[in-house]
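Below: one structure, written as structure tokens.
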Amino acid sequence: MEKILVKNSLQLRGTVRISGAKNAALPILAAAILGTEDIILEDVPELKDVEIMTEVLKSLGSDVKKIGKNKLIINSKNLNSYVTKYELMSKMRASFLVMGPLLGRLGKTVNSLPGGCNIGSRPIDLHLKGFEALGAVIENNVGDITATAEELIGNKLYLDFPSVGATENIIMAAVLAKGETVIENAAMEPEIVDLANFLRKMGANITGAGTSSIKIKGVAELKGCTHQIIPDRIEAGTFMVAAAITGGDVLVENVISSHMKPIIAKLKETGCDVIEDDENESIRVIGKDVLKAISIKTLPYPGFPTDMQAQFLALMTQLHGNNVAIETVFENRFMHADELNRMNADISVEGKEAIVSGPKRLKGTKVRATDLRAGAALILAGLVAEGDTEISDIYHIDRGYEDIESKFRNLGARIERVDRD
Ligand code: EPZ
């Protein structure tokens with residue numbers, strides 16, 4: 001079984017170029033279903049999750065071809081199915097993002113109910129409520145969700161929680177609906193803005209993306225376009241933490257610093273130097289020998305991103321004092337605390353709160369990635385631990401990080417993928 005082996009690697013130095021954002025590429029790939037002409041996507045990260053989404057599109061009749069590194073051409077003229085196969089849905093819950101576009105394009109969609117995952121039950125009630133508000137009829141037949149609509153009619157709806165996926169799915173269902181849709185309490189993540197920009201290039205009429213109130217005026221059809229995926233703010237944050245935790249000096253390139261405000265603010269609070277260069281779309285992070293303890297609380301954007309909580313928990317093990325991390329977005333996203341404690345961290349978790357006392361000398365051992373970001377956190381911990389850290393279940397990591405070992409190796413990290421039972 002493949003594992004990632006990390007040896008003690010302090011003071012990482014050098015430059016790392018960030019890939020396109022996984023969480024922008026996935027909804028944009030799903031949205032490609034809505035068009036009937038060629039769509040060219042650039043800076044598409046080459047990840048397991050992107051592979052699965054392209055498989056889903058092909059299973060529905062879309063034509064998807066790779067035409068270069070990180071470059072795809074998609075044509076959904078011959079879309080011929082509205083049923084997403086269980087074996088694909090079960091591999092990646094984000095496949096659920098094809099429901100909105102299928103409903104919009106074909107007036108029907110059948111998906112197996114996406115499972116939960118390690119970080120939470122991941123319900124989809126808000127997605128379905130949005131579809132019903134647009135006139136769809138939802139049936140739940142033993143694990144399969146069917147949504148049907150003779151005609152989708154625009155409507156005004158309020159999201160009980162600013163769900164990223166629900167906001168994206170409803171936008172994609174509304175772009176071809178009759179009339180105007182307004183989504184109140186919408187998610188404001190940069191990936192929503194990228195999806196809206198992509199759809200507008202196809203001819204959709206969307207305003208307010210990036211705010212809590214998004215207005216979509218239905219149009220008759222959507223054309224082809226070319227679109228470059230925005231940089232991955234979570235991958236960028238992961239490498240910025242790597243500089244901080246190893247006391248290094250790393251230049252992160254291809255990053256939009258306005259997407260990184262909470263991460264920049266928190267790293268500065270520890271005492272790191274963080275130098276933003278908007279002109280060159282880069283951020284330099286210089287770690288220090290003594291870094292101060294901090295507190296974080298995850299919130300929907302523009303709050304501190306839940307997808308950076310695990311990486312910061314690893315960093316907190318090296319900060320001087322008592323750190324507090326509060327996870328408000330997912331109900332079970334502290335499993336990496338147990339793995340870090342196996343490395344001699346001192347983390348106590350009580351409900352939504354984790355207390356991390358530092359600094360602690362971490363010790364390398366065998367650990368398990370419990371989700372995508374937890375896997376990244378274990379690599380960060382392995383960089384500062386004494387001895388070897390062997391990470392299993394690394395398929396989680398491959399879902400969301402492109403070429404992660406070579407990116408870390410280029411910064412001086414001693415990290416390799418090994419085949420071990
Ligand atoms: C997206 O997941 C991201 N995934 C997640 O990234 C990210 O952690 C999350 O947004 C929050 O930022 C993709 O974009 C593919 P949500 P999503 O709907 O859309 C509850 C990663 O590591 N909720 O905003 O599933 C839900 O249970 C992944 O890259 C409902 O209750 O997140 C959760 O507690 C992990 N009902 C909260 O909202 C619903 O209908 C946030 O979920 C939908 C969500």
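Positions are given from 1 along the sequence. Hydrogens, waters and symmetry mates are skipped; everything else that's a heavy atom, side chains included, is used. Note that ligands are numbered from 1 as they come in the structure, with each ligand's atoms numbered from 1 the same way.
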Backbone or side-chain N or O of [X] under 3.5 Å from ligand 1 N or O:
{"X": "G165", "result": "yes"}
{"X": "V164", "result": "yes"}
{"X": "F330", "result": "no"}

Roughly how far, to the nearest 0.5 Å, is the [atom2] atom of [Y] from the [atom1] atom of [X]?
{"X": "E327", "Y": "I296", "atom1": "CD", "atom2": "CD1", "result": "8.0 Å"}
{"X": "I283", "Y": "I18", "atom1": "CD1", "atom2": "CD1", "result": "9.5 Å"}
{"X": "L176", "Y": "R105", "atom1": "CG", "atom2": "CZ", "result": "8.5 Å"}
{"X": "D277", "Y": "L251", "atom1": "CG", "atom2": "CG", "result": "8.0 Å"}
{"X": "Q318", "Y": "K360", "atom1": "CD", "atom2": "NZ", "result": "10.5 Å"}
{"X": "T109", "Y": "I138", "atom1": "OG1", "atom2": "CD1", "result": "9.0 Å"}

Salt-bridge contact E269-K266 (side-chain N to carboxylate O under 4.0 Å): yes

K3 with D419: basic N within carboxylate O range, under 4.0 Å: no

Atom 33 (C) of ligand 1 [closest protein heavy-atom partner, distance rounded to 0.1 Å]: V329 O, 3.4 Å

Counting from 1, what ligand 1 atoms have a heavy atom of [X] closer than 4.0 Å?
{"X": "R373", "answer": "21 (C), 22 (O), 29 (O)"}
{"X": "L126", "answer": "36 (N), 39 (C), 40 (O)"}
{"X": "H127", "answer": "40 (O)"}
{"X": "I124", "answer": "39 (C), 40 (O)"}
{"X": "K22", "answer": "21 (C), 29 (O)"}

What part of [X], side chain, backbone, both or neither, has a heavy atom within less than 4.0 angstrom of ligand 1?
{"X": "R333", "value": "side chain"}
{"X": "L97", "value": "neither"}
{"X": "D307", "value": "side chain"}
{"X": "T306", "value": "side chain"}
{"X": "E168", "value": "neither"}
{"X": "E191", "value": "neither"}
{"X": "L372", "value": "side chain"}

Flag side-chain contact, heavy atom, 4.5 Å: R233 against P305: yes

Nearest non-hydrogen partners of L157 and G130, listed with the distance: CD2-O, 4.3 Å

Proximity flag K129 to ligand 1, non-hydrogen atoms under 4.0 Å: no

Residue among K71, K69, K22 satisfying salt bridge (Lys or Arg N to Asp or Glu O under 4.0 Å) with E46: K69

Heavy-atom protein contact below 4.0 Å for atom 41 (C) of ligand 1: yes

Nearest neighbour of atom 43 (C) of ligand 1 from the list P123, G375, A166, on a heavy-atom basis: P123

